[in-house]
Amino acid sequence: MEDTIAAISTPLGTGGIAIVRVSGPSALAVGDAVFHSSRGKPSQFLTHTVHYGRIVQDNAVVDQVMLVVFRTPHSYTTEDTVEIHCHGGVLAARSILSICLQHGARLAEPGEFTKRAFLNGRIDLTQAEAVMDLISAQTQFAQTVAARALEGHLLLQIKTVREKIADLSAQLEAYLDFPDEDIQSVTCDTLSADLKDSTSCLQELLNTGPKGRILRDGMRVAIVGRPNAGKSSIMNALLGRERSIVTAVAGTTRDSIEDMVAISGFPVRLTDTAGFRYARGAVESEGIKQAINTLDHAEIVLHIIDRSRPFSTLDSELDRLTRRKSVIHVYNKIDLPRKLKLPIAFEERNPLDVSALTGEGIERLRNMIAKTITAECVGTSAVDVTVNERQALALDHAVACLTDAAKAITAGEGIELACHHLRGALNAIGEITGETTHEDILDRIFSSFCIGK
Amino acid sequence: MRSHSNEYDVIVVGAGHAGVEAALAAAKLGCQTLLLTSNLDTIAQMSCNPAIGGMAKSQLVREIDAIGGEMGLAADQTGIQFRMLNTGKGPAVWATRIQCDKKSYQFYMKRVVELQPRLSVKQEFVEELTVVGNRVTGVVTRTGIKICGKAVILTTGTFLSGLIHIGETSYTGGRAGEPAADKLSCSLRNLGYEVGRFKTGTPPRIHMASVDLSKVQVQHGDNQPSFLSYRTPPSFHVEQLPCYVTCTTDETAWLIRSNLHRSAMYSGQIKGIGPRYCPSIEDKIVRFPNRSSHQVFLEPEGRTTQELYVNGISTSLPEEIQLQVIRSVVGLKHAEIMRPAYAIEYDYVPPQQLHSTLETKRTENLYFAGQINGTSGYEEAAAQGIVAGINAAYKTQGRHSCCFARSSSYIGVLIDDLVTKGVDEPYRMFTSRAEYRLQLRQDNADLRLTPIGHQIGLVGDAQWNAFVEKRSLIDSEMERLHNTREGTVSYADILRRPDISYASLPSTRADIPFQVQQQIEIQIKYEGYILRELERIRRATFLDAKSIPSEINYHEIRALRFESRQKLSKIRPDSIGQASRVSGVTPSDVAVLLVWLKKHDSRRTSNQVRTDAGSVWGE
């Protein structure tokens, strides 16, 4: 009877590995749909076996993963369960979760895996109270966070859109339910225009709202500096693993290299750029073009300056290019004697001394990045990520419903079908704002139309 | 105290639209049933507009009909005008409305109840309930006669402490010309019921000969009438009468504004809350000052009477102002009022005090149906009547309870709304209240509910056989359409195209009646939507099937939020599904309840005390 649920079951933003867990009657089917391997499909795998494969969407590999199959009743929930172990950091796990959700799983409620474990007799009866407490504690925590995340602008915007849709819905419902009253039918054009408005508002919230985008794609942090200033070393130090190729030869990084890392729970998209210099070769000038492009799109810039070398006018040039950005000046190589003398005109911004080699100051750099991100999007905290996953999903759903409503209208399918989709949209938004639609629509009908023969 | 010689299984108090369906259902299910009314001449009286059906209401009537109720047949047989509303929109919002001959309707119903085996109909005025422990045992009449019954169904309409208002005057009455039931209301209060007060009203009736018919618009019925009962043959034919449409004028608005202080509604004389969807003309003028005119419908009250019902001019102004207002309407310059409009206040019992069976939570074997539960409308009343009748009968026979799911029917939506959310104005059904509107259509009420009605025992052989035949025709033709191809495209896919009807398919079956063709068209054209709706229904049903034991103490479940504990304690839902619909109850509360239930179940099973759980029908 129950449906299939999915969630990221490791803490977000930390750890090298994240686990997406899918549980329920169609868990294996969801696994089949998302997991690609030459060795077969999850529904063919034996219970308690681990398999290597790829998660693919739209012909693009999202991540390389290990997949574990637990067949009913031998799992935590006693249901068929699939665990997808992917690379740590927010982006991979979130993408995989969202692909699972697209293939029929539903986002789990707080404590739902444990709840199922209990309901299915996996957990002892004496633990019932503990399970109930867990559910309510997690929910209350999530609610507090949700309430905080929703304060102010975002909530206001969502509510404005909701108002519009509710009014539209009331108008259509009145038209359906009161055929004898002289209620004007809304014209197709007005309707389509209104729907388009609301859809693009929600879409905007989803895509370009600073917080929403950052939580979806990560905060873009560009690492720039002169050749051999140690950009790649700092990137690796921040990632905690080797990613950029580091050599003593200047100009090793020809292309921008990008990776995700969680800093204090924030998803951060670090981009290592080619060293900034007066170009010689064509290849490198291409790299530098790219670097400038990366700079333009970044929200935060780490300007790496080699403290063991004298000041270069290139740094002044870089400073000019990043004037409008949030910049952190990082003085690298503090393990070497200082030769840097800053000209009076050069204005230091959040200067930090680090040594990528010894790791000294890297923790302070992380904190500084976190602080800057917080300043960029006030009110965000690590847990918001999970809450916003739910919100983003609800908004996604609302957008899909509105699109369907518009389609139904354009295709001349009938007002009652458009209404059906509008209800879906209102319910989805209601999951964020906590408002129920039913009585509200009737209130609107009676306050805006003179109903009653 | 004198006692009535007979003891009944079920006593129904009140013979309005709820009472009649309740009594018929109980008697058909084998109960010795007594139907009591204060006036045998007003059985199934249409106290307000002379019409059955309309938006959302026709769905209700078809559902009542599908499970074996009488209302649809009565409306068809006594109809004077038949109209299908909303035909320009999709089938989910089509609705049949029938103007009825008010007197014929009463006579029809009176005859049906008189001829029903095991059903006695008597004129008695009930003043008191007798209760032993927490179980009802019968009723006491005004003349002091005690009548014993195993179950009692109250369908008191507007009679409980009814107070009629016309302008500055008010007097007690249950309806124009009939006395109020004051003592019964006290009896309920004494038993501990919370009682509320609502207001409703009815417009004046005017003499047709005094209307200038040349100045009003004529509204005819449909050439091809559609009916409310599946049992009425398509060939059924009666001559139809027209209705008329006209409108108010600036003078109407001016008259209302200058006499507002004399309206019982606006002078503060009326305390009860009235329905927003059925506003008085005072309300319309005050609340929508920018509208220059309001529609007025003139509806004949019957074939043999000259009385016209003035739909749209409900008012509580004094009679002399009513006359001026009426005469300000286009075409009514010389109109004569035969009966004045009036407003009526009455007691209702907030319906959260009921189970989904309509049995009260406080007194066992006592059921409420109709306006006493805060609803308005004949169809809403009849729907509750039949459900109360079935459950009272089953209870006295020691059988399981019978509830209708929201996903099965408007009947289910109606009762679930009442017992879960309560009412803050007289409750009327709208299609917008049904979350599964595309599935709950008037065209498929039989497919949804006749098997259930048959299982319950209310659907007779003739109705059942006709239904089975229709269903198999639909099934076989659906199969043919899915399996027959034109090139690579199945007929079903062809029919899915917007402009294609059944008749325009490459090949059709000639022996298929129109209703079946229509059903096939609708099912195929709505298929995608219906499948998704069924999936949602499947999920909702899971929670509705989990019943909550009555002994639950919400205050002991500390993981529930405080607010939820209080709300759940007050409403005491019958199932987890119902609990989830209580306003303010969150998904996590529901999760906590499921865990609690599991724990409780394990404990209960081990102690071997299992009470019979009710079943939800129509899943």
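What you see is a predicted model, and the numbers here were worked out from it, not measured in a lab. In the text below, chain A, chain B and the rest are named by the order of the sequence lines, each starting its count at 1.
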Sub-3.5 Å donor-acceptor pair from the side chain of K598(B) to the main-chain atoms of L119(A), do we have one?
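Indeed, once roles are kept as given, a pair shorter than 3.5 Å links the two residues.
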For a quick test of reading the model, state the closest non-hydrogen atom pair linking K115(A) to A591(B) and the distance between them.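 The answer is CD-CB, 3.5 Å.
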Rounded to the nearest 0.5 Å, what separates atom NZ in K89(B) from atom CG in L417(A)?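 These two atoms lie 13.5 Å from each other.
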Would you compute the distance between atom CG of D177(A) and atom CZ of R428(B) and round it to the nearest 0.5 angstrom?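 That separation rounds to 7.5 Å.
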* Would you call E173(A)-R437(B) a salt bridge at under 4.0 Å N-O? ->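 Salt bridge flag = yes for R437(B) with E173(A).
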So which part of A408(A) gets closer than 4.5 Å to some heavy atom of chain B, the side chain, the backbone, both or neither?
->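 The answer is the side chain of A408(A).
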Report task. Please state whether the side chain, the backbone, both or neither of E416(A) comes within less than 4.5 Å of a heavy atom of chain B. Result ->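 Both backbone and side chain of E416(A) come within 4.5 Å of chain B.
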Looking at V310(B), D283(B), V93(B), N86(B), which makes the most heavy-atom pairs under 4.5 Å with chain A?
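Of the options given, most contacts go to N86(B).
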Can you say whether [X] sits under 4.5 Å from chain A via the side chain, the backbone, both, or neither, judging by heavy atoms?
X       : answer
R581(B) : neither
F288(B) : side chain
L594(B) : both
P91(B)  : both

Could you tell me if the ring centre of F430(B) sits under 6.0 Å from that of F178(A)?
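Centroid separation for F430(B) and F178(A): below 6.0 Å.
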Checklist entry - Are the aromatic ring centres of H421(A) and Y529(B) under 6.0 angstrom apart? => result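 Under 6.0 Å, so yes.
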